Amino acid sequence: MAPSKLNSTDSCGNGDASFSCSQPDNGLNDSLSLFHSEKAVQELLQQNLIQGTDDHLIEFSEALRTVAKALRRAAEGKASAQAEAAEWKRRYELERERNLRLQRKGYNICEMLRSWWTQTSLCNANALIRLMLPCVVCWEVWKEWNRRVFEENSPEEHNDDFNEERTENSTNQSVLSSHINKKSENCCTNEICSHEILRDGETDSDSKMIQNRMMRKASFKLSWCCKSENSDQHKHDVVSFERGNITTAGRSSRQISLKWGSNPQTVLIMTKPNSTSVQILCADMVRWLKEHKRLNIYVEPRVRGELLTESSYFNFVQTWKDDEEILLLHAKVDIVVTLGGDGTVLWVASMFKGPVPPIVPFSLGSLGFMTPFYSQHYRDSLDSILKGPISITLRHRLQCHVIRDAATDEVETEEPILVLNEVTIDRGISSFLTNLECYCDNSFVTCVQGDGLILSTTSGSTAYSLAAGGSMVHPQVPGILFTPICPHSLSFRPLILPEHVTIRVQVPFNSRSPAWASFDGKDRKQLKPGDVLVCSMAPWPVPTACQVDSTNDFLHSIHEGLHWNLRKTQSFDGPRDQ
Ligand SMILES: NC(=O)c1ccc[n+]([C@@H]2O[C@H](COP(=O)([O-])OP(=O)(O)OC[C@H]3O[C@@H](n4cnc5c(N)ncnc54)[C@H](O)[C@@H]3O)[C@@H](O)[C@H]2O)c1
Ligand SMILES: Nc1ncnc2c1ncn2[C@@H]1O[C@H](COP(=O)(O)OP(=O)(O)OP(=O)(O)O)[C@@H](O)[C@H]1O
C-alpha cells in the first residue's frame with residue numbers, strides 16, 4: 001500500500017480536515033501550528049512508518065519532528081521564564097512594600113547606623129582609627145536601640161499593665177526586633193513574640209493621636225506545643241513574625257497556640273448576605289462587643305447600612321469606602337469574626353490579599369467544615385478568644401498567576417489570586433475534552449485529558465477535590481493536591497505534591513477549545529491555547545481559631561459533616577477464629 005496522499009483524517013491521525021499533509025509546501029507555516037504537540041507528530045510518524053515507503057515523506061516527517069521538538073522546548077522555556085519573572089516581580093513588590101513601611105517607621109536610620117558599624121569593623125586599621133569617633137557614637141546609639149527593643153520584647157518583665165505601657169511607649173515601639181539576638185534568648189523556648197504594635201499612620205493632631213491609639217493593633221505571641229527543648233530552630237523555620245502579621249517561612253504540623261500580648265481592640269465582623277438569622281445575630285453581637293468588651297467594630301458597607309436601618313444606635317460601627325482601604329484592613333483588625341458557612345470564610349480569605357488576622361468562624365451554614373464555633377454560644381466563645389490563648393489552624397493558601405501567551409512583556413502578568421480551597425481548570429461550557437499539559441518545577445507531570453484538574457490546598461481537600469476522588473488531608477499538612485476531574489483514563493490516580501513545588505498548567509497550542517480557571521469556585525477566567533496558570537504555596541496563610549485543636553476539629557468535621565466511615569458495628573455473636 002503506497003500512501004501517496006496523507007490528506008485525510010484517517011491517514012494523519014488528526015481529526016482536523018483543514019490540515020493537508022499532501023501539500024507540504026502549500027503553507028507549511030500554517031500547518032506547523034497544528035503540530036506543536038510532539039505527540040501528534042509521533043502519531044503521524046507511526047502512521048507514516050507503517051505505510052510509508054516514500055523517502056521524501058519520511059524525510060519530511062523527520063524534519064517536522066525536529067521542528068515540533070524545538071517549538072515545544074521554546075514554549076517550555078518561555079513559560080518557565082515567565083513564571084520566574086512573575087516570582088521575581090512578586091518578591092520585588094514584597095521587598096518594596098516592606099522597605100516603604102520600614103522607612104515610615106524611621107527604621108532606616110538605625111539600620112544604616114548598624115550597617116555602617118558592621119562595615120566599619122571590616123575596614124583596615126587606618127580607616128578604623130579615622131572612623132573611631134563616629135563608631136563610638138554609633139555603638140552608643142546601637143546599644144540604646146538594643147536596650148529599647150529588649151524591653152519591648154519582654155512584656156512579662158516590663159509590661160505588667162500593657163495597656164498603660166502601650167500608651168507611654170508608643171514611640172519606642174516602632175522598631176523591628178527580630179534582628180536582635182537578645183530577643184530569642186529572652187522569649188520562652190517555644191514562642192515567637194509579636195514585637196511591634198501596629199498603628200495607623202503618624203499624625204500631629206491630638207485627636208488623631210487618640211484615634212491612633214484606639215486603632216493600635218494588639219500584640220500577641222505564637223507558641224508551639226513541643227516535647228523537646230530543641231525546637232528553636234524548628235519554630236524559626238516555620239513561622240516568621242513581623243509587625244504583627246503571621247507569615248509562614250516553612251510549615252508546621254504542630255498545634256499552634258496564639259497568646260495575646262495585649263488586649264485585642266478591633267474586630268471585623270463579616271456576614272453571609274440575605275439571611276435574616278445572620279442579620280439578627282450580627283446586631284446582637286455588635287451591641288455586646290461594644291457594651292461589654294469596648295471594642296472597635298468594623299463591618300462591610302452593606303452590613304453597616306442594614307444596622308443603621310435598624311437603629312441609629314449603630315452609628316459607631318466603622319466600615320470602608322473602597323478597595324484601597326480594604327488593603328489596609330489587616331493592619332487595623334485584631335480578629336475577624338465570620339457569621340455564615342464555609343463560603344463566608346472563603347470570602348473573607350479572598351478579601352485579604354496579603355496577611356490575614358486570626359479568623360473566628362461561627363457556623364450559620366449547612367456543612368461548616370471550617371466553621372467550628374456554635375453561634376448560640378458566641379458570648380462564651382468570644383470571651384475566651386479575647387482572653388486567649390487560642391489554638392489556631394494555619395490554613396495554607398495557593399497563589400495563582402495567569403500568564404497569557406499573548407503577553408508582549410515577559411513580566412506582564414495579571415494580579416496573582418490567592419485561594420484557600422482550590423483553583424480548578426476545567427472545560428467550562430465546552431463539550432470537548434480538556435487537554436492540559438502539567439509541569440511540576442519544570443518536570444513534565446502528565447497531560448490531563450478529561451473534564452479538568454483541581455489544584456487544591458489541604459483545607460480544600462474536603463471540598464471539590466474530595467468530590468473528584470481526592471484524599472481528605474488534615475489542613476495542617478503542607479502539600480498541594482493534584483486531582484483530575486473525570487479523567488478519561490483508567491490509571492489516573494490523584495497526587496499530593498509537597499508544598500515547595502511550583503505547578504504549571506498549560507493549555508497546549510493544539511487544544512480544540514479554551515479551558516476555564518476558577519478560584520475557590522469564583523472569578524472564572526478563560527485560558528486560551530498557549531496560556532499558562534502557575535501555582536505555588538502563598539506566603540500568607542489563613543489562621544482560623546479552633547474550637548478544640550486542629551486535629552480534633554478536623555476529625556469532628558469529617559464525622560459530623562460527611563458521616564465519614566459510618567457503619568453499623570458488627571454484632572458480637574457469630575462465627576469466630578478458634
Ligand atoms: N462537586 C463539588 O463538590 C463542588 C463543585 C463546585 C464547587 N465546590 C466547592 O465549593 C467551594 C465554594 O464554596 P461556596 O460555599 O462559596 O459555594 P457553595 O455555596 O456552592 O457551597 C459549596 C459547598 O462546599 C462546601 N465547602 C466549601 N469549602 C469546603 C471545605 N474546605 N471543606 C468542605 N466543604 C467545603 C460548603 O460548605 C458548601 O456546602 C469551592 O471552593 C469548591 O471547593 C464543590
Ligand atoms: N460577606 C459576603 N459578601 C458576599 N458574598 C458572600 C459573603 N459571605 C459569603 N458570601 C457568599 O455567599 C455564599 C453562601 O455563603 P456560605 O457558604 O457562607 O453560606 P451557606 O451556603 O448557607 O453555607 P454552606 O456553604 O455551609 O451551605 C457563598 O457563595 C459565598 O461566597
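Just follow the structure's listing: the first ligand is 1, and inside any ligand the first atom is 1. Because the structure is a prediction, the values reported are computed rather than measured.
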_Protein residues that have a heavy atom under 4.0 Å from any atom of ligand 1, sorted by chain and number_ = D342, G343, L346, L367, F369, M370, N421, E422, S459, T462, A463, Y464, A467, D520, G521, K522
*May I ask you to say whether R379 pairs ionically with D284, meaning some side-chain N is under 4.0 Å from a carboxylate O?*
yes
Donor-acceptor pairs under 3.5 Å, side chain of residues 348-364 to any protein atom, not counting sequence neighbours: which ones?
{"residue": "S350", "atom": "OG", "partner": "W347", "partner atom": "O", "Å": "2.7"}
{"residue": "K353", "atom": "NZ", "partner": "S350", "partner atom": "O", "Å": "2.8"}

_Cation-pi geometry met for K290 and F316 (6.0 Å, 45°)_ = yes
*Identify, for atom 31 (O) of ligand 2, the protein heavy atom at the shortest distance, and state residue, atom and that distance.*
K522 NZ, 3.0 Å
_Close-contact set for ligand 2 against E300 heavy atoms, below 4.0 Å_ = 1 (N), 2 (C), 3 (N)
_Using a 6.0 Å distance limit plus a 45 degree cone around the ring axis, check whether R287 lies over the aromatic ring of Y313._
yes
*asked:* I'd like to check atom 4 (C) of ligand 2 in this structure: does the protein have a heavy atom lying under 4.0 Å from it?
replied: yes
_Protein heavy-atom partner closest to atom 8 (N) of ligand 2 - residue, atom, separation in Å_ = T344 OG1, 3.5 Å
_Distance from atom 23 (O) of ligand 2 to nearest protein heavy atom, with residue and atom_ = G365 CA, 3.4 Å
_Can you confirm, on distance only, whether ligand 2 has an N/O atom lying under 3.5 Å from any N/O atom belonging to G340?_
no
*For atom 27 (O) of ligand 2, what is the nearest protein heavy atom, given as residue, atom name and distance?*
S366 OG, 2.5 Å
*Any side-chain heavy-atom pair from S456 and Y464 closer than 4.5 angstrom?*
no
_Derivation of the side chain to side chain donor-acceptor pair (under 3.5 Å) call for T483 and S465_ = CA-CA 6 Å; T483 313; S465 171; 3.0 Å; yes
_Pairing residues for Y374 by the ring pair (Phe, Tyr, Trp, His ring centres under 6.0 Å) criterion, not counting sequence neighbours_ = none
_Ligand-side contact atoms (ligand 2) for residue partner L367, heavy atom cut-off under 4.0 Å_ = 26 (O)
*Which protein heavy atom lies closest to atom 12 (O) of ligand 2, and at what distance to 0.1 Å?*
P273 CD, 4.1 Å
*Between T271 and ligand 2, which part of the residue brings a heavy atom under 4.0 Å of the ligand: side chain, backbone, both or neither?*
backbone
*Of all residues at least two apart in sequence or in a different chain, which pass the ring pair (Phe, Tyr, Trp, His ring centres under 6.0 Å) check with Y439?*
F444
*Hey, are D531 and K525 close enough for a salt bridge, meaning a charged N less than 4.0 Å from a carboxylate O?*
no
*Could you walk me through whether T266 and N296 pass side chain to side chain donor-acceptor pair (under 3.5 Å), step by step?*
CA-CA 5 Å; T266 306; N296 305 311; 3.3 Å; yes
_Per-atom contact, atom 18 (O) of ligand 2, protein heavy atoms, under 4.0 angstrom_ = yes
*Just jot down the ligand 2 atoms closer than 4.0 angstrom to any heavy atom of G341, in number order.*
16 (P), 18 (O), 19 (O), 23 (O), 26 (O)
*Does a salt bridge link R304 with E300, judged by any charged N lying under 4.0 Å from a carboxylate O?*
no
_Could you identify the single nearest non-hydrogen protein atom to atom 30 (C) of ligand 2 and state the distance to 0.1 Å?_
G343 O, 3.7 Å
*Ion pair R524/D426, N-O distance below 4.0 Å*: yes
*Nearest protein heavy atom to atom 22 (O) of ligand 2, by residue and atom, and its distance?*
K272 NZ, 2.7 Å
*asked:* Counting only heavy atoms not in N274 (residues, nucleotides, ligands), do more than 12 fall under 6.0 Å from its CG?
replied: no
